[in-house]
Novice: 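I have a structure I would like to understand better, so I am pasting it below and will then ask my questions one at a time.
Lettering follows sequence order; numbering is per chain, from 1.
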Protein chains: 2
Amino acid sequence: MVDDEPDILEFLRYNLVKEGYNVLTASNGEEGIKIAVAEVPNLIILDIMMPKMDGVEVCRQLRNRPEFDRTVITFLTAREEDYSQIAALDVGGDDYITKPIRPRVFLSRVKALLRRSERAEVIEEPDVINVAGLIIDKERVTVTKDEEVIELAKKEFELLHLLVSKPGKVFSREEIFNKVWGTDVIVGNRTIDVHIRKLREKIGEHYIKTIKGIGYKFEF
Amino acid sequence: MVDDEPDILEFLRYNLVKEGYNVLTASNGEEGIKIAVAEVPNLIILDIMMPKMDGVEVCRQLRNRPEFDRTVITFLTAREEDYSQIAALDVGGDDYITKPIRPRVFLSRVKALLRRSERAEVIEEPDVINVAGLIIDKERVTVTKDEEVIELAKKEFELLHLLVSKPGKVFSREEIFNKVWGTDVIVGNRTIDVHIRKLREKIGEHYIKTIKGIGYKFEF
DNA sequence: AGATGAGTTAACATATTCTTAATGTTGGGC
DNA sequence: GCCCAACATTAAGAATATGTTAACTCATCT
């Protein structure tokens, strides 16, 4: 959420946090872009009227990056300046919310927008994930890299699929065991390492990163 | 509610019970801690002036336990000894109420504090904290500064995360040990310094400030 | 039955993180 | 301005987590 007025930012953040949302705020366009790029949020709320870089410009710059292709972006705008609506939607905005803001209305609007973004993600889920030059095909249980088809064993694939499902997130060993092996199977504690090894052998060394003492993550 | 004077205890209890609150009382610090640990109340009221273990000390000991992280703690203090206020809030107190106590004022104060604690419970800790140009991401276990991703070791991250969880608050060494290392591990007293050093090396020198004789704090 | 390959284990190697200890530096009371 | 306790710094090595390899089990296929 990007707005240059601290009061509005704080007011909206309070309401969102109360509902359980995880909110990141920035008070100007540049900072907003920096945070957005670092975190790739599900929903971006931009005030249109801001000094230096306005919300429309922020939106345009974000939309130029492929990772914000499907991110829902909405604007905050004063009722009067309805001309801005056009520019805002032109530039790739999904919605706009007019000030003055009524908390209940605002929250239900946010909820609706996030539902939309979730749906978009769910729809895109189909069996093939394409990240960082890897095409991960759930149906064929294969990974394609540089036109080359790599066959993975079931456990290897499941492990990779889990890590890739949230790129950047660190999965703890416990979490991996629970999600790939299930809660009832008990295996030795070197098992994951061996699978990680085989995965790295097959897809390349630099995709899966070890965070010592915490777990593993997939990264670009 | 902990107070060594039975009359005050009885007077306040009477008023609170009349309003429908469930009150537990103790007449000294040790007993207070014992009951608090057993019951984990929503609000803790501590008289500062008590023989043996005073309220500030009780607060300090409670704050060292993770289960009292978010419990609202308030003090009772005679108006004159306002110096105690400083120590009280330093040590993790949320508020202080001055004697002599006016029942109506006292009750509205308690009500306000309990409202605060309710809110605090609902708010789950965010996974991403954005302060002073640092984006601290618990899920990815990274810190981003000026578009640059900084990798921290586990302990370093935990230490930073603790300090950043309350920017400006001074964390005593004892508190840091208890929250980052846990109460059962015993390590030498230069260990924290070394970790602080490494943190400062990685994120920059001016974020973590030493308060000699007291502890460390995160500041902008 | 024998071959095959996935999954697991165990033993040992390696690497990073954490801690220690020795020594240097600071800041506030006197 | 001196002194001392509290902190800073550094490098070395202890502690741990992970990496690696090879061998073993077990099901499946031929």
Side-chain angles (χ1 to χ4, degrees), chain A residues 140-143 149-163 170-219, chain B residues 83 86 90 141-143 149-163 170-219:
Chain A
R140 301 185 191 172
V141 194
T142 57
V143 176
V149 177
I150 302 162
E151 311 233 320
L152 298 183
K154 191 162 154 253
K155 277 261 150 42
E156 286 162 19
F157 187 84
E158 282 171 2
L159 177 52
L160 177 63
H161 192 265
L162 175 65
L163 294 178
V170 179
F171 290 84
S172 71
R173 286 163 164 271
E174 200 190 344
E175 205 173 346
I176 294 172
F177 274 130
N178 287 333
K179 298 226 170 115
V180 176
W181 274 261
T183 45
D184 35 54
V185 202
I186 297 163
V187 290
N189 61 347
R190 293 269 66 69
T191 302
I192 284 186
D193 311 37
V194 175
H195 283 272
I196 292 281
R197 168 96 296 272
K198 290 198 261 187
L199 254 180
R200 297 211 256 232
E201 245 162 37
K202 289 186 179 175
I203 67 172
E205 298 294 326
H206 60 287
Y207 292 102
I208 298 167
K209 176 146 197 199
T210 305
I211 312 298
K212 201 166 172 164
I214 305 178
Y216 295 93
K217 72 172 170 181
F218 183 89
E219 64 170 19
Chain B
Y83 62 87
I86 302 156
D90 251 9
V141 195
T142 57
V143 176
V149 176
I150 301 164
E151 316 231 312
L152 299 182
K154 194 173 161 220
K155 279 257 151 46
E156 286 161 20
F157 188 83
E158 284 171 358
L159 177 54
L160 176 63
H161 192 265
L162 175 66
L163 294 178
V170 180
F171 290 84
S172 71
R173 287 164 163 270
E174 197 189 348
E175 203 174 349
I176 293 172
F177 274 130
N178 286 327
K179 297 225 171 115
V180 176
W181 274 261
T183 44
D184 35 53
V185 203
I186 297 163
V187 290
N189 62 345
R190 293 270 66 71
T191 302
I192 284 185
D193 310 38
V194 175
H195 283 274
I196 292 280
R197 168 95 295 272
K198 290 198 268 190
L199 254 181
R200 297 210 255 230
E201 244 162 38
K202 289 188 179 175
I203 68 173
E205 298 293 328
H206 59 289
Y207 291 102
I208 298 167
K209 181 157 189 194
T210 306
I211 312 298
K212 194 165 171 158
I214 305 178
Y216 296 92
K217 72 171 174 178
F218 183 89
E219 63 170 18

Novice: Report the distance from atom CG of L152(B) to atom P of dT16(C), rounded to the nearest whole Å.
Specialist: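 For the pair L152(B) CG and dT16(C) P, the rounded distance is 16 Å.
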
Novice: Heavy atoms from C-beta onward define the side chain here; which of dG19(D), dT8(C), dA21(C) lies closest to that of K198(A)?
Specialist: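 Closest nucleotide among those given: dT8(C).
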
Novice: Counting only side-chain N and O atoms of W181(A), is one of them less than 4.0 Å from OP1 or OP2 of dT8(C)?
Specialist: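 Yes, because at least one side-chain N or O of W181(A) sits under 4.0 Å from OP1 or OP2 of dT8(C).
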
Novice: Identify which nucleotide among dT8(C), dG7(C), dT19(C) has an atom closest to any side-chain atom of T191(B), counting heavy atoms from C-beta outward.
Specialist: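 Nearest listed nucleotide: dT19(C).
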
Novice: Base, sugar-phosphate, or nothing: which does Y216(A) touch, judged by heavy atoms less than 4.0 Å apart?
Specialist: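 Contact class for Y216(A): sugar-phosphate only.
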
Novice: Is there a side-chain contact between T191(A) and W181(A), using heavy atoms and a 4.5 Å cut-off?
Specialist: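 Answer yes - side chains close enough.
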
Novice: Can you tell me the distance, in whole Å, between the CD atom of E201(A) and the C1' atom of dT20(D)?
Specialist: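 Rounding to the nearest Å, CD of E201(A) and C1' of dT20(D) are 9 Å apart.
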
Novice: Tell me the closest heavy-atom pair linking L199(B) and L152(B), and the distance in Å.
Specialist: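 Scanning both residues, the minimum pair turns out to be CD2-CD1, 4.0 Å.
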
Novice: Between C1' on dT9(C) and CG on N189(A), what's the gap in Å once rounded to a whole number?
Specialist: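 Nearest whole value for this atom pair: 10 Å.
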
Novice: Assuming nearest nucleotide by heavy-atom distance, tell me which of R173(A) and V194(A) is located more 5' along DNA chain D.
Specialist: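 That would be R173(A).
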
Novice: What is the separation between atom CZ on R197(B) and atom P on dT9(D), rounded to the nearest whole Å?
Specialist: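 Computing the R197(B):CZ to dT9(D):P distance gives 4 Å.
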
Novice: Rounded to the Å, how far apart are H195(B) NE2 and dA8(D) P?
Specialist: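 H195(B) atom NE2 is separated from dA8(D) atom P by 14 Å.
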
Novice: Is any side-chain heavy atom of K198(A) less than 4.5 Å from a side-chain heavy atom of L159(A)?
Specialist: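 Answer no - side chains too far apart.
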
Novice: Measure from the side-chain heavy atoms of R200(A) and tell me the nearest of dA8(D), dC18(C), dG19(D).
Specialist: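 Looking only at side-chain atoms, R200(A) lies closest to dG19(D).
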
Novice: Among dT18(D), dG27(C), dA21(C), find the nucleotide with the atom closest to the side chain of K212(B).
Specialist: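 Looking only at heavy atoms from C-beta outward on K212(B), the closest nucleotide is dG27(C).
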
Novice: Whole angstroms only, please: what is the NZ-P distance between K209(A) and dT18(D)?
Specialist: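 Rounding to the nearest Å, NZ of K209(A) and P of dT18(D) are 14 Å apart.
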
Novice: In whole angstrom, what separates E205(A)'s CD from dG19(D)'s C1'?
Specialist: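 Those two atoms, CD and C1', are 11 Å apart.
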
Novice: Got a salt bridge between R173(B) and D193(B), using NZ or NE/NH1/NH2 to carboxylate O under 4.0 Å?
Specialist: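 Salt bridge flag = yes for D193(B) with R173(B).
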
Novice: So if I take every side-chain heavy atom of R190(B) and compare against dT19(C), dG19(D), dC7(D), which nucleotide ends up nearest?
Specialist: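 Taking heavy atoms from C-beta onward, the closest nucleotide is dC7(D).
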
Novice: Using only side-chain N and O atoms of T210(B), determine if any of them is under 4.0 Å from OP1 or OP2 of dA6(D).
Specialist: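 No, because none of the side-chain N or O atoms of T210(B) sits under 4.0 Å from OP1 or OP2 of dA6(D).
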
Novice: Rounded to whole Å, please give me the gap between CD1 in I192(B) and P in dT10(D).
Specialist: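 After rounding, the reported distance stands at 19 Å.
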
Novice: Identify the heavy atoms of Y216(B) and L163(B) that sit nearest to each other, and give their distance.
Specialist: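 For Y216(B) versus L163(B), the nearest heavy atoms are O-CD2, 3.9 Å.
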
